[in-house]
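Notes to accompany the following structure.
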Amino acid sequence: MRKGNIILIGFMGSGKTTFGGWLEKTEGKARVDTDEYIVAREGRSINDIFETEGEEYFRKLETEVLREFADRGMDNTVISAGGGLPVREENGVLLKKLGSVVYLRAETDTLVKRLKADRTRPLLRGGNLRQRIEKLMEQREEIYKQRADLILDTDRLTFEEMYERIVEYENSCN
Ligand code: S3P
């Protein structure tokens with residue numbers, strides 16, 4: 001059942017955390033972030049989790065966290081999902097259960113600019129950043145689109161405009 005929750009999905013650097021923070025501050029939404037939640041629960045960084053336990057372990061944690069959020073019965077909350085979270089089929093089902101799924105789309109150039117100094121994301125370490133982004137995007141873009149109730153072009157919209165579109169979408173569902 002949908003209870004005014006907004007789930008932000010999209011590639012690393014697409015603005016899920018920043019826009020989520022804006023929604024919290026400006027629209028009085030509660031906010032949770034799957035990455036932050038995992039880091040707090042595990043007491044170690046995402047780099048650390050990937051290095052010591054591997055990616056598959058992290059993906060299991062993401063599903064656990066999502067299930068926990070779905071069971072908790074959240075309300076009026078913006079949930080920022082880690083960039084790879086929508087890929088798993090079972091996560092897709094949980095996302096829909098949680099609320100309106102919004103895909104924040106960003107141009108590759110924008111992503112490169114935002115991610116070039118980042119050292120916190122294990123999947124982007126080493127090699128050519130643009131190529132890594134393009135390869136992952138190729139694998140994920142269709143999935144993001146499939147999971148989304150709404151797609152927002154973040155390169156062309158302000159946060160205010162993005163929120164207006166979300167409200168319009170939510171109203172159209174009622
Ligand atoms: C990942 C994205 C990251 C984080 C982890 C893996 C991915 O989250 O969950 O580094 O697979 O795209 P952000 O999208 O918040 O950066």
Side-chain angles (χ1 to χ4, degrees), residues 5-25 29-70 77-92 94-95 98-148 150-155 159 162:
N5 295 326
I6 300 168
I7 331 297
L8 302 177
I9 64 166
F11 204 80
M12 298 171 258
S14 61
K16 296 168 299 209
T17 305
T18 318
F19 182 51
W22 184 88
L23 288 171
E24 181 181 28
K25 210 170 102 200
K29 301 266 177 198
R31 189 180 77 89
V32 287
D33 181 308
T34 59
D35 287 337
E36 285 172 14
Y37 196 83
I38 288 171
V39 167
R41 205 172 86 169
E42 289 280 298
R44 50 189 170 157
S45 71
I46 291 177
N47 272 331
D48 219 20
I49 299 171
F50 267 69
E51 256 166 46
T52 47
E53 317 289 346
E55 180 173 352
E56 204 39 42
Y57 176 86
F58 178 77
R59 299 300 172 200
K60 283 196 188 118
L61 290 180
E62 287 188 314
T63 302
E64 269 172 44
V65 163
L66 213 53
R67 199 168 287 133
E68 206 179 304
F69 288 172
T77 301
V78 50
I79 300 162
S80 310
L85 183 145
V87 174
R88 273 192 168 199
E89 198 69 43
E90 57 188 316
N91 294 355
L94 288 165
L95 288 172
L98 272 162
S100 306
V101 182
V102 179
Y103 168 31
L104 302 188
R105 219 194 68 78
E107 302 286 347
T108 306
D109 282 350
T110 308
L111 297 175
V112 171
K113 221 179 288 165
R114 289 198 191 136
L115 294 167
K116 65 174 182 250
D118 183 80
R119 297 288 171 269
T120 65
R121 291 167 170 104
L123 295 183
L124 299 179
R125 286 171 121 187
N128 180 294
L129 178 63
R130 178 177 291 271
Q131 277 171 13
R132 275 180 181 259
I133 292 173
E134 281 170 352
K135 189 154 178 243
L136 274 174
M137 249 323 202
E138 210 179 287
Q139 295 164 7
R140 291 180 179 175
E141 175 118 56
E142 272 315 304
I143 301 173
Y144 289 147
K145 285 183 185 162
Q146 274 170 28
R147 303 280 186 246
L150 183 67
I151 301 172
L152 296 177
D153 195 345
T154 61
D155 288 293
F159 282 173
M162 282 161 59

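Counting starts at 1 for both ligands and their atoms, following the listed order. All values reported here derive from a predicted model rather than from experimental measurement.
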Q) Nearest protein heavy-atom contact for atom 13 (P) of ligand 1: which residue, which atom, what distance? A) Asp35 OD2, 3.4 Å
Q) Using 30° and 60° as the class limits, which term best fits the ring planes of Phe19 and Phe159: parallel, tilted or perpendicular? A) tilted
Q. Under 4.0 Å from any heavy atom of Arg121, which atoms of ligand 1 are there?
A. 16 (O)
(Q) Check contact between Glu36 and ligand 1, using heavy atoms of the residue and a distance below 4.0 angstrom. (A) no
Q | Residue of the set Leu94, Thr34, Thr77, Leu95 for which side chain to side chain contact (heavy atoms under 4.5 Å, CB included) holds with Phe69 | A | Thr34
Q: Please determine, by modelled atom types, if Tyr103 and Gln146 share a side-chain donor-acceptor pair under 3.5 angstrom.
A: no
Q) With respect to Asp118, which candidate in Arg114, Arg121, Lys116 satisfies the salt bridge (charged side-chain N to carboxylate O under 4.0 Å, His left out) definition? A) Arg121
Q | Under 3.5 Å: N/O of Gly83 near N/O of ligand 1 | A | yes
Q: Among all protein heavy atoms, pick the one closest to atom 10 (O) of ligand 1 and tell me residue, atom and distance.
A: Pro122 CD, 3.6 Å
Q: Decide whether an N or O pair under 3.5 Å exists between Thr120 and ligand 1.
A: no
Q.
Has Lys16 got a side-chain atom pairing as donor or acceptor with Leu104's backbone, closer than 3.5 angstrom?
A. no
Q) Going by the atom numbers of ligand 1, which of them fall below 4.0 Å from some non-hydrogen atom of Phe58? A) 9 (O)
Q: Look at atom 7 (C) of ligand 1 and say which protein heavy atom is nearest, naming residue and atom and giving the distance to 0.1 Å.
A: Gly84 N, 3.3 Å
Q) Should the proximity of Leu123 to ligand 1, defined as any heavy atom under 4.0 Å, be assigned to the side chain, the backbone, both, or neither? A) side chain
Q. Would you say Arg140 contacts ligand 1, with heavy atoms under 4.0 Å as the rule?
A. yes
Q. Can you name the nearest heavy-atom pair linking Pro86 to Gly82, along with the distance?
A. CD-O, 3.6 Å
Q: Could you tell me how the ring of Tyr144 sits relative to the ring of Phe11: parallel (under 30°), tilted (30 to 60°) or perpendicular (over 60°)?
A: perpendicular
Q: Mind checking whether Arg59 contacts ligand 1 via backbone (N, CA, C, O), side chain (CB onward), both or neither, at a 4.0 Å heavy-atom cut-off?
A: side chain
**Q.** Stepwise salt bridge (charged side-chain N to carboxylate O under 4.0 Å, His left out) test for Arg130 and Asp109
**A.** CA-CA 8 Å; Arg130 178 177 291 271; Asp109 282 350; 2.8 Å; yes
Q) Taking both backbone and side-chain atoms of Gly82, is any N or O found less than 3.5 Å from an N or O belonging to ligand 1? A) no
Q.
The test is salt bridge (charged side-chain N to carboxylate O under 4.0 Å, His left out); show your working for Glu53 and Lys60 and say whether it passes.
A. CA-CA 11 Å; Glu53 317 289 346; Lys60 283 196 188 118; over 6 Å; no
Q: Using a strict cut-off of 4.0 Å, indicate which atoms of ligand 1 neighbour a heavy atom of Lys16.
A: 13 (P), 14 (O), 15 (O)
